[in-house]
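Here is the structure we will look at, set down as C-alpha cells.
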Protein chains: 2
Amino acid sequence: MNTAPIPAPADEPRWLTAEEQLVWRSYIEAATLLEDHLDRQLQRDAGMPHVYYGLLVKLAESPRRRLRMTELARYAKITRSRLSHAIARLEKNGWVRREDCPSDKRGQFAVLTDEGHEVLRRTAPGHVNAVRQAVFDRLTPEQQKSLGEIMRIVAEGLEPGETGADLPWLR
Amino acid sequence: MNTAPIPAPADEPRWLTAEEQLVWRSYIEAATLLEDHLDRQLQRDAGMPHVYYGLLVKLAESPRRRLRMTELARYAKITRSRLSHAIARLEKNGWVRREDCPSDKRGQFAVLTDEGHEVLRRTAPGHVNAVRQAVFDRLTPEQQKSLGEIMRIVAEGLEPGETGADLPWLR
DNA sequence: GACCCTTTCTTGAAGTTTAAACAAAAGCGG
DNA sequence: CCGCTTTTGTTTAAACTTCAAGAAAGGGTC
C-alpha cells in the first residue's frame, strides 16, 4: 500500500495552480502599474524617480541628515553601484552633498542639503496623496494590516544573506 | 457646537500614520527585493530580465503564439515604446519575430518563435521555483488569497483610463 | 476625395540600471 | 610590520527605460 498521499514527483516542477497564477498576475500587474504611477508622479512634481525620492527621505529621517553610502544602500535595498550613480545625480541637482568620513578614509557620507530638504517639504504632500489614492484609500484596515504582514514576510525571505537559509539542513 | 468629529483641515496633507508607514515601507522593500531577485534569476538562467520573460509568456499563452503590439503592451502594463525596444531585443535573440497584420497595415504582430518557446520550456521550471521560494512557500493559503484581492484592487485603481474616476462628481 | 483627428508603432536622445573590474583603506593572522 | 582577505565606494560600458517627436495608416465628416 502506498503511504504517500500524493505522487510528489521529486523533479517535476511544481507549477502554479490556477488560483496561484491569478494571485501572481495580480501582484505583477499592480506592482508594475504602481511603480510606474509613482515614478511619473514624482518625475513630474519633484523632478526625480521614485527611488531617488526614497533616498532623500531616508537621509531626512537620519541623524544629522546623513548616512554612509553602504548603509543608505542597505536601507534602500539597492546596490552600492546604483547608489553611487544616484547620488552623483542628486549631487548635481544640489539636493545631496558628499562628505568624507573622518574615522574611515574609504567612507563617504551622503548628506541632504537644505535645498534637498526644501524639495522634500514642497513635494511630500503630493506624494503622500498619490500613495493614499493608489493604495490606502482603496483598502480596508484589515487589508492594510494583511498587506504589511505579507510583504514583511516576503522581504525577510529575500534579505541579502539569506541564500539557502531556508534549507539549513543542507549546509 | 461643532458637528465635525475631526478638525479635518481641508488643505493640510493627510500624512501616513505610523502603522501605514510601516506597511508602505514593507511593501516598497519587498517589491524592490523581489523584482531584483527575479531579474537576477532570469538574467542568469534565461538571459533576459523579468519583464522580457513575461512578454514571452504572454505570447506563449496566446492563440497562434502571437499578439498585436498594442495588445501585448496593454497586457504587460508597459508602454508601446518600451515594448518596441524590448521586442527588438528579443527579435535579435531569435525568440520573437514580427509579422505584418494583414487587416491593418499599421499593425504588427509579435510572434513567439520555436526557439523562444524552447527557451521558455527550458527555463520555466526554475522560474516557478524561484517564485514559489520567494512568495508562495512563505505565505499561508489565506495570505495568498488576501494578497490576490489586495493587488487586484490596487491594479484596478491604476488601470489606464482611470484618471479621476474616483472623483466622478467632478466630471 | 479632402480634411482632420486618432491610432499604431517606431525612433533617437537622454537618463537610469546593471555587471564587472578596480583602487584604496581597513582588518586580521601570523 | 607583512601579507592576505574583506570592505568601501567608484567607474566604465552595455543594457534598459523614458520621453518627445514623428511617419504611416485608419476612420470619420463634409
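By convention in this document, chain letters (A, B, ...) are assigned in the order of the sequence lines, proteins followed by strands, and residues within each chain are numbered from 1.
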Round to a whole Å and report the spacing from [atom1] of [X] to [atom2] of [N].
{"X": "B:Leu83", "N": "C:dT8", "atom1": "CG", "atom2": "C1'", "value": "12 Å"}
{"X": "B:Arg82", "N": "C:dG15", "atom1": "CZ", "atom2": "C1'", "value": "14 Å"}
{"X": "A:Leu90", "N": "C:dG15", "atom1": "CG", "atom2": "P", "value": "14 Å"}
{"X": "B:Lys92", "N": "C:dT10", "atom1": "NZ", "atom2": "C1'", "value": "14 Å"}
{"X": "A:Gln108", "N": "C:dA26", "atom1": "CD", "atom2": "P", "value": "13 Å"}
{"X": "A:Asp100", "N": "C:dA24", "atom1": "CG", "atom2": "C1'", "value": "13 Å"}
{"X": "B:Ile78", "N": "C:dC9", "atom1": "CD1", "atom2": "P", "value": "13 Å"}
{"X": "B:Arg80", "N": "C:dT8", "atom1": "CZ", "atom2": "C1'", "value": "6 Å"}

Item to complete: Provide the start and end nucleotides, 5' to 3', of the part of DNA chain D that has atoms under 4.0 Å from heavy atoms of chain A.
Response: D:dT7 to D:dC19
Practice prompt. Assign the ring pair B:Trp24 / B:Tyr27 to parallel, tilted or perpendicular, where the plane angle (0 to 90°) is split at 30° and 60°.
Written response: parallel
Discussion item. Test of understanding: with side-chain contact (heavy atoms from CB on, under 4.5 Å), list the residues that count as partners of B:Gln108, not counting sequence neighbours.
Written reply: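 Partners of B:Gln108 under the side-chain contact (heavy atoms from CB on, under 4.5 Å) test: B:Met69, B:Arg98, B:Asp100.
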Categorize [X] for me: base, sugar-phosphate, or nothing, with a 4.0 angstrom heavy-atom threshold over every strand shown.
{"X": "A:Arg40", "answer": "sugar-phosphate"}
{"X": "A:Asp36", "answer": "sugar-phosphate"}
{"X": "B:Arg98", "answer": "sugar-phosphate"}

Worksheet item: Do A:Arg152 and A:Glu156 meet the salt-bridge criterion of a basic N to acidic O distance under 4.0 Å?
Response: no
Worksheet entry | Salt bridge present between B:Arg121 and B:Asp114 (N-O < 4.0 angstrom) | no
Worksheet item: Is a donor-acceptor contact shorter than 3.5 angstrom present between the side chain of B:Arg106 and the base of C:dT7?
Response: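 Per atom types, the contact qualifies.
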Discussion item. So, under a plain 3.5 Å distance rule, would you say the side chain of B:His85 forms a donor-acceptor pair with the base of C:dG12?
Written reply: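 Result: at least one qualifying N/O pair found.
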Fill in: Closest-nucleotide 5' rank along DNA chain C - winner of B:Ser84 and B:Asp39
B:Ser84
Fill in: First encountered from the 5' end of DNA chain C, between A:Tyr52 and A:Ser103
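Upstream on the strand: A:Tyr52.
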Worksheet entry | Residue whose nearest DNA chain D nucleotide is more 5′ - B:Gln43 or A:Ile87 |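 The 5'-side residue here is A:Ile87.
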Worksheet item: Who pairs with A:His37 by ring pair (Phe, Tyr, Trp, His ring centres under 6.0 Å), at least two apart in sequence or on another chain?
Response: none
Discussion item. Testing the 3.5 Å rule here: is there a donor-acceptor pair between the side chains of B:Thr17 and B:Glu19?
Written reply: yes
Worksheet entry | Which atom of B:Glu29 lies closest to which atom of A:Tyr75, heavy atoms considered |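 Closest approach of B:Glu29 to A:Tyr75: OE2-O, 4.1 Å.
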